[in-house]
Amino acid sequence: MEPDETLHTIEKAATWNVNSLKVRLPQVLDWLAREKPDVACLQETKTPDGQFPVQAFHSIGYEVVFAGQPAYNGVAILSKFPIESPETVMDRSEDDHRRFLSARIQGVQVINVYVPNGQDLDSPKFSYKLEWLDRLGHYLDRFTPEREPVLLMGDFNIAPGDLDTWDPDGTRNQIFHSEPERYGLRSLFSKGFIDLYRKIHPDTQAFSWWDYRMGSFHRNRGLRIDLVLATPPLAKRCLDVTIDRQIRKNDRPSDHVPVTAFFTS
DNA sequence: ATGACTTATACGATAAGA
């Protein structure tokens with residue numbers, strides 16, 4: 001154990017799919033100034049590494065690591081504490097999508113994921129999604145969940161169960177709700193990764209994403225697909241998880257909202 | 001209703017998201 005790790009622990013960690021950091025940067029900076037998470041994982045930055053706004057985050061006290069590309073995907077970890085040993089790929093595959101970032105922060109392994117969308121069950125993108133989840137599982141096998149604190153958070157593009165979708169009957173076996181996807185997610189749970197929102201709020205319906213179209217937010221037709229998972233040493237310390245629905249009312253909002261987990265020190 | 005918005009790329013139309 002490093003001496004510093006006992007002095008400062010992660011007490012507040014958040015995940016937010018920002019749907020273009022270029023468009024959302026002012027909102028992200030406002031949110032950080034207001035909420036002050038110790039660690040924030042962003043997805044869909046859609047920003048090449050050379051254009052990442054490093055200085056904007058440094059100037060408000062955040063270290064950053066990022067893995068981006070033009071137009072699509074892109075992930076970043078922001079931290080008030082030092083970020084050690086960042087990894088931008090999860091294995092030796094040829095996959096060039098920037099969807100993964102893993103680093104050590106105050107003795108916690110923080111893993112940021114942007115799981116592929118999959119499009120529909122007939123698409124090659126669906127096979128890619130399932131393969132990607134399988135590869136993530138293999139990456140996670142290096143950890144001992146019962147003993148090690150690991151935070152795995154991001155946009156999973158899977159509604160874990162019927163409570164996590166506005167229309168469980170209409171969406172059954174559709175994309176985000178299909179059995180193969182849910183099996184992939186359950187296989188992460190079975191390794192010891194715990195869905196913290198569902199642990200703390202077993203019966204509450206709360207969504208983290210709403211379609212831009214059809215007034216879906218106003219009608220609360222959404223999904224809970226942005227998740228914070230943690231291994232038992234961290235899950236035991238979790239006090240609450242909140243989903244910031246209010247931020248979806250901003251001008252030019254992301255279609256996702258932040259999910260934030262709180263831990264005892 | 002293979003739609004509806006929003007973003008990126010590139011400057012109009014298409015791809016992609018979820």
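Note that these values count all heavy atoms, side chains included, but never hydrogens, waters or copies made by symmetry. In the text below, chain A, chain B and the rest are named by the order of the sequence lines, each starting its count at 1.
Separating the P atom of B/dA1 from that of B/dA16 is a span of 26 Å, rounded to the nearest Å. B/dA13 and B/dT2 are spaced 23 Å apart, taking the P atom of each and rounding to whole Å. Comparing the P positions of B/dT6 and B/dC11 gives an interatomic distance of 23 Å, to the nearest angstrom. Here, B/dA4 and B/dT9 have their C1' atoms 23 Å apart, quoted to the whole Å.
Geometrically, A/Arg224 does not engage A/Phe207 in a cation-pi contact, judged by NZ or CZ lying under 6.0 Å from the ring centre and within 45° of the ring axis.
In this structure, A/Ile175 reaches neither bases nor backbone, as no heavy-atom distance under 4.0 Å exists between it and the strands shown. Among the atoms of the strands shown, none is found under 4.0 Å from any heavy atom of A/Arg221. Nucleic acid contact for A/Asn17: sugar-phosphate only, since backbone atoms but no base atoms lie under 4.0 Å from a heavy atom of the residue. Using a 4.0 Å heavy-atom criterion, one finds that A/Phe217 contacts no nucleic acid atom at all. Using a 4.0 Å heavy-atom distance criterion, A/Asp211 is classed as making no nucleic acid contact.
OP1 or OP2 of B/dA8 has at least one side-chain nitrogen or oxygen of A/Ser20 nearer than 4.0 Å. For the OP1/OP2 pair of B/dG17 and a distance below 4.0 Å, the side-chain nitrogens and oxygens of A/Lys125 include at least one atom meeting the criterion. For B/dC5, the OP1/OP2 oxygens have no side-chain nitrogen or oxygen of A/Arg252 closer than 4.0 Å.
Considering only side-chain atoms of A/Tyr212, the nucleotide from B/dT9, B/dT7, B/dT6 that sits closest is B/dT6. Closest to the A/Arg99 side chain, of the nucleotides B/dG17, B/dA8, B/dT9, is B/dG17. When the nucleotides B/dA16, B/dT9, B/dG17 are ranked by their closest atom to the side chain of A/Tyr114, B/dG17 comes out on top.
Residue A/Val115 is found in a hydrophobic cluster whose other members, listed by chain and number, are A/Met90, A/Phe100, A/Ile111, A/Val113, A/Tyr128, A/Trp132, A/Leu133, A/Leu136, A/Tyr139, A/Leu140, A/Phe143, A/Val150, A/Leu152, A/Phe156, A/Ile158, A/Leu185, A/Leu188, A/Phe189, A/Phe193, A/Leu227, A/Leu229; membership requires side-chain heavy atoms under 4.5 Å apart, directly or through intermediates.
Using a 4.0 Å cut-off between a side-chain N of Lys or Arg and a carboxylate O of Asp or Glu, A/Asp38 and A/Lys12 do not qualify as a salt bridge.
In this structure, A/Ile105 and A/Ile10 have side chains that are in contact, with non-hydrogen atoms separated by less than 4.5 Å.
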